[in-house]
Number of protein chains: 2
Amino acid sequence: MGISKPAAERLSQLARLLEQRDAATSITSSELERITGWPSHTIRKDISALSGATEISTTSGYDPKRLAAAIREALGFTNEPTRCCVVGLGRIGSSFLDYEGFAGTTFDLCAGFDSNVNRIEILKANFPLYPAFKMKDVIPRLGITAAILCVPSEQAQQTADKLIESGIVGLVNFTPTILSVPQAIEVENVSIIDALGSLTARLAAKKTR
Amino acid sequence: MGISKPAAERLSQLARLLEQRDAATSITSSELERITGWPSHTIRKDISALSGATEISTTSGYDPKRLAAAIREALGFTNEPTRCCVVGLGRIGSSFLDYEGFAGTTFDLCAGFDSNVNRIEILKANFPLYPAFKMKDVIPRLGITAAILCVPSEQAQQTADKLIESGIVGLVNFTPTILSVPQAIEVENVSIIDALGSLTARLAAKKTR
DNA sequence: AGTTGTGAAGGTATTCACAGCG
DNA sequence: CGCTGTGAATACCTTCACAACT
């Protein structure tokens, strides 16, 4: 039995939360409810779906470390790391160059691209930066399968097309452009406007309740 | 009857997409299916839930402009604009200072905060930037209700607490920290790791299908 | 023809309620 | 007892199939 999409999202956040905690003291589902706002039975149900894990719960709650590990495994985070690149090194794109959040994940940010050669020379990173025209070379050679798209809105679609030609199968889209891609490709849109939108929608819904 | 959360997310993206199109030529639900990947009947069902709008469809599809307007209205985007601030003006935070994407939305980014006074003086924006200790003053005075949180991870929770004390009811959280907030407050997490996570989860699910 | 719009059916996710365990 | 774990019930969302309209 698989894990449902909403459950996977909750579990992923849960794992992050657990790793931020003191590993020694166990935590109950009701405490997690207080912290996350999700009902405790939903949390327990989500966790019960990971049923391969041993020793994650005691009589007084869950062991944060073991639970986090079990979640990571169930979500496939222990497999071969996914190699990623960031495309477009403007303000948003370049902010990933020194982002520490990738540590301990199975995502390996290992290349950056920008059409402006100047930028590439100025910026520093722990991995190589390339001019945009080298995408078709570099992406297959490094086995990169996912891209973080941070180019200006006008170039979003054409850049996505090139990335897909180069072998990218997953796109995290930071531009406001809605991308049109083949069936086999997956896109995850990250938009501040959408985030604010669903935020205010939920706040509005809360009022009428 | 209200609009479901998943439907609201689709509609919000749909509105963005429609506004990027030629306003003169109408578009059918099947074309939208090709572009977005969502089944045409889901799109039609979503649209039918907005049933207050007039003249949004003809015999050969929808009028992009009218449909976008109807969606915006149904999602509550025509009401009083929501005033927002950005907190933490590092790489990510400062990238919002000149972000054009707010134009035409009901979100009004009207203040920035940072604990580093130097940064405030160096950075330029179309709205005022304040030192962090002025939050309690400025936020109520400008009627700001939502905040975009871009501070370093270690300061996320304490900054969120201060924002809530100052009257913020909605938080878009760009830090990897899971925030603990009162019932009345809404948080929307925006995390590159979560985005990559659900992306790869979907790609993995696709393979086994 | 080709399109939207929608009641009804089907499938998923959440909630409940309680069994089972330490 | 308080906690987790889970079958059963409920609520929700999506899909289907077809009516209605141009």
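Reminder, nothing fancy here: chain letters follow the sequence lines and each chain counts from 1. Below, all heavy atoms of this structure are taken into account, side chains as well, without hydrogens, waters or symmetry copies.
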Pick out the pairs of N or O atoms, protein on one side and nucleotides 13-17 of chain C on the other, that lie under 3.5 Å.
{"from": "C/dT14", "atom 1": "OP1", "to": "A/R10", "atom 2": "NH1", "distance (Å)": "2.8"}
{"from": "C/dT14", "atom 1": "OP2", "to": "A/R10", "atom 2": "NH2", "distance (Å)": "2.8"}
{"from": "C/dT15", "atom 1": "OP2", "to": "A/T42", "atom 2": "OG1", "distance (Å)": "2.8"}
{"from": "C/dC16", "atom 1": "OP2", "to": "A/H41", "atom 2": "NE2", "distance (Å)": "3.4"}

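A heavy atom closer than 4.0 Å to some atom of DNA chain D occurs in A/T28, A/S29, these being the qualifying members of residues 21-33 of chain A.
Residue pairs meeting the ring pair (Phe, Tyr, Trp, His ring centres under 6.0 Å) criterion with at least one member in residues 156-183 of chain A, sequence neighbours excluded: A/F96-A/F174. Applying the salt bridge (charged side-chain N to carboxylate O under 4.0 Å, His left out) test to pairs two or more places apart or on separate chains, those with a residue in residues 155-178 of chain B are B/K136-B/E165. Applying the side-chain hydrogen bond (donor to acceptor under 3.5 Å, both in side chains) test to pairs two or more places apart or on separate chains, those with a residue in residues 92-103 of chain B are A/R91-B/D98.
Rounded to an integer number of Å, the gap from CG of A/L14 to P of D/dT4 is 12 Å. Between the CD1 atom of A/I56 and the P atom of D/dC3 there is a distance of 17 Å, given to the nearest Å. To the nearest angstrom, P of D/dC13 lies 16 Å from CH2 of B/W38.
Between B/S57 and the phosphate of C/dG5, there is a side-chain N or O to OP1/OP2 separation shorter than 4.0 Å.
A donor-acceptor pair shorter than 3.5 Å can be found between the side chains of A/T177 and A/S153. For A/S26 and A/T58, the side-chain atoms include no donor-acceptor pair closer than 3.5 Å. Side-chain atoms of A/E188 and A/N173 form no donor-acceptor pair, as typed in the model, at a separation below 3.5 Å.
The side chain of B/T59 has D/dT22 as its nearest neighbour among C/dG22, D/dT22, C/dG5.
Salt bridge B/R72/B/E19: present, at least one basic N to carboxylate O contact under 4.0 Å.
With sequence neighbours excluded, the residues forming a side chain to side chain donor-acceptor pair (under 3.5 Å) with B/D108 are B/R83, listed by chain and number.
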